[in-house]
Amino acid sequence: PAKQRGQNHQPLSLHLGRGTRTNIYAGTLSCREEEEDGGNVQYSTREMRVVLKILDSAHRDISLPFFETASMMRQVCHKHIVLLHGVCVRNLENIMVEEVVEFGALDLFMHRKSEHLSTAWKFLVAKQLASALSYLEDKNLVHGNVCTKNILLARQGLDGDSGPFIKLSDPGVPITVLSREERVERIPWIAPECMDDTKNLSIATDKWGFGTTLWSVCYNGELPLKDRSLAEKERFYEAHCKMTPPVCCKELAELMQQCMNYNPPERPFFRAIMRDINRLQEQSECHTHVSTCQAI
Ligand code: ATP
Ligand code: MG
């Protein structure tokens, strides 16, 4: 039977964290379902746990770019990308309503579980992220903020079950609205070509972000260049410096370097990246080996 859905929100609840110009809350979405049964219309209400990403009211001037992100996410349907249920405006608040991803951000998870992350686990995370980004590449959609804090874990995959299951979160407010200082803070996640001109944002940008993410995954969630000042970060890009390749995952290190190429057109296609990961995964003899990389 045909179903129609009306939706309304209950009061906000648990604060999950802060993002760039946003606050994130756990909430409940009530969906009113209308069902026709032999001429009679029946109503029922289904409740769903959701995440509410609310743009700070002080930043209402960037509502349009915020909703552009939502519009990009509405075009997407992939098992490794967070589902956007929709958007709403409540009083003066602009809100994205998204599916809950149970185990939260990948960076924090990797810090907590660093001793339990095997090479096989890391390969799976890399493979799933590459498949999400390959899907976006095929649809000619740019994410623009690929980093470990924007990857969420739906399944931990540490206890001999079928491995981790990730979901790439939305990119948040686009980098076009960030100040130069905010962009410098994002070095080395943000691609070098976007530092001086955010119009250079392209699918190649996501390849750089994927490379940085691989580095961080290999180093158990370590934040790249975390002790560097903003001036040092800027010099890092100006001098075309490279990240120290991880020794524990040599196979992924090579791929990471190809993605973090200062010349965007030379970065590989995500389809080729996926092929490489599959091949490397088969070759990798250390499926159960626990990595012991130390970030330098
Ligand atoms: P940014 O643009 O900097 O990514 P953001 O608004 O997307 O900002 P995040 O920093 O990515 O915010 O998210 C803040 C925190 O909210 C995350 O660390 C995570 O714990 C939580 N979170 C975000 N989205 C979800 C989700 N769909 N399910 C569960 N937790 C989430
Ligand atoms: Mg985010």
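Quantities reported herein were computed from a predicted structural model and do not represent experimental measurements. If you read the sequence from its start, that first residue is 1, and numbering goes on from there. Indexing begins at 1, ligand by ligand and atom by atom, following the structure's order.
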Apply the test side chain to side chain contact (heavy atoms under 4.5 Å, CB included) to residues H78 and K139: give CA-CA distance (whole Å), side-chain angles for both, the deciding distance (0.1 Å), then the verdict. CA-CA 12 Å; H78 189 275; K139 287 180 82 83; over 6 Å; no
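Using cut-offs of 30° and 60° on the angle between ring planes, the pair F165 and H80 is tilted. Ring geometry for F270 versus F210: interplanar angle over 60°, hence perpendicular rather than tilted (30 to 60°).
Residues lining ligand 1 at a heavy-atom distance below 4.0 Å are given as R18, G19, T20, T22, I24, V51, K53, E98, E99, V100, V101, A105, N145, K149, N150, L152, P171, G172, R186, ordered by chain and residue number.
Using a 4.5 Å cut-off between side-chain heavy atoms of Ile, Leu, Val, Met, Phe, Trp and Tyr, V82 falls into a hydrophobic cluster with V101, L152.
Formation of a donor-acceptor pair under 3.5 Å by the S216 side chain with backbone atoms of E222 is found in this model.
Side-chain atoms of Q281 and K127 include a donor-acceptor pair closer than 3.5 Å.
For Q258, the side-chain hydrogen bond (donor to acceptor under 3.5 Å, both in side chains) partners at least two apart in sequence or on another chain are E254.
When each of E266, E137, E193 is checked for a salt bridge (Lys or Arg N to Asp or Glu O under 4.0 Å) with K207, only E137 meets the rule. Put simply, the residue from E115, K122, K113 that forms a side chain to side chain donor-acceptor pair (under 3.5 Å) with N220 is K122.
Take a cut-off of 2.8 Å around the Mg ion (ligand 2): the protein N, O or S atoms inside it are N150 OD1.
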